[in-house]
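These notes are about the structure you will find just below.
The shown structure was predicted, so the numbers you read here are calculated from the model rather than taken from an experiment.
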Amino acid sequence: MKAIIVDDEKHVREGLMLLADWSRFGIDTIMEAVDGNEAIKLIKEHRPEIIFTDMSMPKRDGISLLKWIHSSDLSSKTIVVSGYDDFDYMRNAICYKSFDYILKPIDPDILNETLEKAINEWKQQSPPVECQQEHDREMNVIQQIEQFLLESYNKDINLQEIADRFYLSREYISRKFKQEYQATITDFITNVRMNKAKELLQNPKLKIYEIAFQVGYQDEKYFSKVFKKTEGISPNEYRSMN
């Protein structure tokens, strides 16, 4: 599941990140936005199940964001987090079907109790077709990650870079990727590199260090070590046999 925190104050976003027991509720992707405009862009792309939003923000405020969410086809549960016990804000939150209204400073117990109720209600109200659509979206992202790895195997790729690129947590990517491909991302990249290396070894004009560099290794000795570990023989032995 995914959530987004919309607030122009960084310390509030960080506070919510720390106080909410995300993993207990099955939320593995948490996005951040500083105003309603940025939030709408992320919500359209990722369709999070839970939306936390402040009311008073520059550019596009919380009321405008709630109005947009209400008029869209989203089944997301919106929780308003505001520093103002303001009747007009509360009236708009009720009018646009916000799930709840939490006041700052945030009480961790109230926050997690509200989050749990919102998720339970979302699960009860979400039809199977929407769950299937969510699964399809997840699979699409994993396939995009696979394509990125296939195109970037010769570069120095790390999990954090992938997480930042696809706006997902490292833990989520690792778990979903392994479920789909029965391999870690590291093992997947290594396998792609070794297959490419075996292709390049067919060319007798290429030196081993050149092949190592072309498949993403700066160190020829390390490349040879990885190759022997995965293939059972050294690059030179493989070349002589083919």
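Between Y217 and F223, the ring planes lie tilted relative to each other; the angle falls in the 30° to 60° range.
S152 places no side-chain N or O within 3.5 Å of a backbone atom of L149 that could act as its donor or acceptor partner. No side-chain donor-acceptor contact under 3.5 Å links S76 to the backbone of I50.
With 3.5 Å as the limit, one finds a donor-acceptor pair spanning the side chains of Q147 and E151. For the residue pair K77/Q125, the side-chain donor-acceptor check at 3.5 Å is satisfied. In this model, a donor atom of one side chain and an acceptor atom of the other lie less than 3.5 Å apart for Y181 and E146.
Rounding to the nearest 0.5 Å gives a distance of 11.5 Å between NZ of K196 and CG of L201. Between atom CD of residue E116 and atom CZ of residue F25 there is a gap of 4.5 Å, rounded to the nearest 0.5 Å. Put simply, OG1 on T186 and CZ on F177 are 10.0 Å apart, with the number rounded to the nearest 0.5 Å. With rounding to the nearest 0.5 angstrom, the CD atom of E210 is 12.0 Å from the NZ atom of K205. Distance CZ/R24 to CH2/W22: 12.0 Å, rounded to 0.5 Å. Separation of atoms CD1 (I43) and CD1 (I51) is listed at 4.0 Å; rounding is to 0.5 Å.
Contact annotation: the side chain of I142 approaches that of I145 to within less than 4.5 Å [non-hydrogen atoms, C-beta and beyond]. Residues S224 and S234 form no side-chain contact, since every pair of their non-hydrogen atoms from C-beta on lies 4.5 Å or further apart. Contact check for W122 versus M1: side-chain heavy atoms found under the 4.5 Å cut-off. In this structure, the side chains of I4 and F52 stay at 4.5 Å or more apart for every pair of heavy atoms. Side chains of I27 and L115 form a contact here, defined as non-hydrogen atoms less than 4.5 Å apart. For the pair S56/D61, no side-chain contact is recorded, criterion being any heavy-atom separation below 4.5 Å from C-beta on. Using a 4.5 Å cut-off on side-chain heavy atoms (C-beta onward), T78 and I69 make contact. Side-chain contact check for T230 versus N191: every heavy-atom pair is 4.5 Å or farther apart.
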Test side chain to side chain contact (heavy atoms under 4.5 Å, CB included) applied to D7 and V81, step by step: CA-CA 9 Å; D7 200 301; V81 181; 5.5 Å; no
Verdict with reasoning, I233 to K228, per side chain to side chain contact (heavy atoms under 4.5 Å, CB included): CA-CA 5 Å; I233 54 177; K228 187 166 186 176; 5.7 Å; no
Working for side chain to side chain contact (heavy atoms under 4.5 Å, CB included), residues H46 and R137: CA-CA 8 Å; H46 299 283; R137 281 193 292 271; over 6 Å; no
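Here K123 does not pair with E49 in a salt bridge; the nearest charged N to carboxylate O distance is not below 4.0 Å. Under a 4.0 Å N-O distance rule, the pair E38/K41 does not qualify as a salt bridge.
Exactly one residue among K104, K10, R60 makes a salt bridge (Lys or Arg N to Asp or Glu O under 4.0 Å) with D54. That residue is K104.
For residues 158-187, the set of pairs meeting the salt bridge (charged side-chain N to carboxylate O under 4.0 Å, His left out) definition, not counting sequence neighbours, comprises D28-R175, E138-K176.
Under a hydrophobic-cluster definition in which Ile, Leu, Val, Met, Phe, Trp and Tyr are linked whenever side-chain heavy atoms come within less than 4.5 Å, directly or via other members, F213 and Y209 are assigned to different clusters. The cluster map of Ile, Leu, Val, Met, Phe, Trp and Tyr, joined by side-chain heavy atoms under 4.5 Å apart, puts I40 and L74 in the same cluster.
Environment of OH in Y153: crowded, with over 12 heavy atoms of neighbouring residues, nucleotides or ligands closer than 6.0 Å. Other residues, nucleotides and ligands contribute more than 12 heavy atoms inside 6.0 Å of the CG atom of N203.
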